[in-house]
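First up is the structure itself, then whatever we jot down about it.
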Amino acid sequence: MLSAQSPAPKQSVWDGVYTDAQATRGERTYGRSCEQCHGPDLAGDPVMEIPALTLESFMTSWRGKTVKDLFDTVKRSMPKDKPGSLGTGAYVDIVSYILQANKFPSGARELSRTPEQLDTIVIERSK
């Protein structure tokens with residue numbers, strides 16, 4: 001008889017879920033693929049309805065959601081002219097950079113590329 005697997009324990013973005021090297025790769029990809037709309041400081045453009053990817057604006061949109069939710073949204077809709085064109089690794093790296101830009105701590109392990117793992121990491125204002 002097969003037993004039901006228990007759900008993976010939840011993690012927080014405060015648990016060091018990405019590496020500095022991964023965020024650095026993400027920053028480079030962001031510079032090539034995202035910066036022209038979201039800006040070098042990730043501030044977005046309220047006039048053009050381009051959301052900010054940092055600080056209070058980011059937390060208002062993403063608090064309580066999972067890193068998978070963020071990953072899915074970025075992959076499904078960005079870059080604006082070619083959504084989904086960057087590849088899973090590049091999108092995970094960009095999400096790592098966004099986490100770093102929001103002052104969430106890095107850790108020893110890279111952010112996972114698997115949806116099941118990303119779905120266990122909750123975006124929280126504080127630990």
Side-chain angles (χ1 to χ4, degrees):
M1 175 187 269
L2 293 175
S3 63
Q5 284 188 327
S6 60
K10 292 290 184 191
Q11 286 186 286
S12 167
V13 288
W14 294 99
D15 293 333
V17 296
Y18 68 91
T19 65
D20 287 329
Q22 190 175 31
T24 298
R25 290 193 311 263
E27 183 176 13
R28 284 194 300 268
T29 305
Y30 175 91
R32 290 191 304 270
S33 303
C34 315
E35 186 175 294
Q36 59 271 27
C37 294
H38 290 278
D41 56 0
L42 292 83
D45 183 341
V47 174
M48 299 295 293
E49 298 183 4
I50 298 169
L53 301 174
T54 59
L55 307 173
E56 192 57 37
S57 178
F58 176 83
M59 288 309 299
T60 298
S61 297
W62 295 102
R63 184 183 61 231
K65 296 181 179 171
T66 68
V67 171
K68 181 183 182 296
D69 296 327
L70 176 59
F71 169 84
D72 287 346
T73 297
V74 172
K75 186 173 182 181
R76 182 179 59 248
S77 58
M78 297 292 128
K80 196 80 170 151
D81 58 344
K82 290 185 275 188
S85 63
L86 301 180
T88 299
Y91 286 110
V92 169
D93 290 349
I94 289 168
V95 167
S96 297
Y97 173 57
I98 292 169
L99 295 176
Q100 183 184 61
N102 280 282
K103 311 288 188 231
F104 299 118
S106 61
R109 297 178 61 155
E110 288 206 346
L111 185 62
S112 175
R113 296 177 184 216
T114 63
E116 298 80 19
Q117 289 290 327
L118 296 177
D119 203 32
T120 67
I121 306 167
V122 179
I123 299 169
E124 301 175 299
R125 187 177 300 279
S126 61
K127 181 76 173 141

Verdict with reasoning, Asp93 to Tyr30, per side-chain contact (heavy atoms from CB on, under 4.5 Å): CA-CA 9 Å; Asp93 290 349; Tyr30 175 91; over 6 Å; no
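For Asn102 (side chain) and Leu53 (main-chain N/O), a donor-acceptor pair under 3.5 Å exists by modelled atom type. Checking side-chain atoms of Tyr18 against main-chain N and O of Val95 turns up no donor-acceptor pair under 3.5 Å. A donor-acceptor pair under 3.5 Å links the side-chain atoms of Asp69 to the main chain of Thr66, judged by distance alone. Between the Asp119 side chain and the Glu116 main chain, no donor and acceptor come within less than 3.5 Å of each other. The closest donor-acceptor contact from the side chain of Thr120 to the backbone of Gln117 lies under 3.5 Å.
The OG1 atom of Thr54 sits 8.5 Å away from atom NZ of Lys103, with the distance rounded to the nearest 0.5 Å. Taken to the nearest 0.5 Å, the CZ atom of Phe104 stands 7.0 Å off from the CD1 atom of Ile123. Taking CH2 of Trp62 as the reference point, atom CZ of Arg125 lies at 15.0 Å (rounded to 0.5 Å). Note that CD of Glu110 and CG of Asp20 are 11.0 Å apart. Values are rounded to the nearest 0.5 Å.
In the model, Gln22 has a side-chain atom that pairs as donor or acceptor with a side-chain atom of Ser96 under 3.5 Å.
Using a 4.0 Å cut-off between charged side-chain N and carboxylate O, Glu35 and Arg28 make no salt bridge. Salt bridge status for Lys10 with Glu124: absent, with no side-chain N to carboxylate O gap under 4.0 Å.
Of all non-hydrogen atoms in Ile98 and Phe58, the two that sit nearest each other are CG2-CE1, 3.6 Å.
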Show every donor-acceptor pair shorter than 3.5 Å between a side-chain atom in residues 77-86 and any protein atom, with sequence neighbours excluded, or say none if there are none.
from	atom 1	to	atom 2	distance (Å)
Ser77	OG	Thr73	O	2.5
Ser85	OG	Lys82	O	2.7

Please output the side-chain donor-acceptor pairs of residues 39-52 that fall under 3.5 Å, not counting sequence neighbours, one pair per line with the distance.
from	atom 1	to	atom 2	distance (Å)
Asp41	OD1	Ala43	N	3.1
Asp45	OD1	Val47	N	3.0
Asp45	OD1	Met48	N	3.3

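Checking each of Lys75, Arg76, Lys68 against Asp72 for a side-chain hydrogen bond (donor to acceptor under 3.5 Å, both in side chains) leaves exactly one that passes, namely Lys68.
Residues Val17 and Trp14 share a single hydrophobic cluster, defined by chaining ILVMFWY side chains whose heavy atoms lie under 4.5 Å apart.
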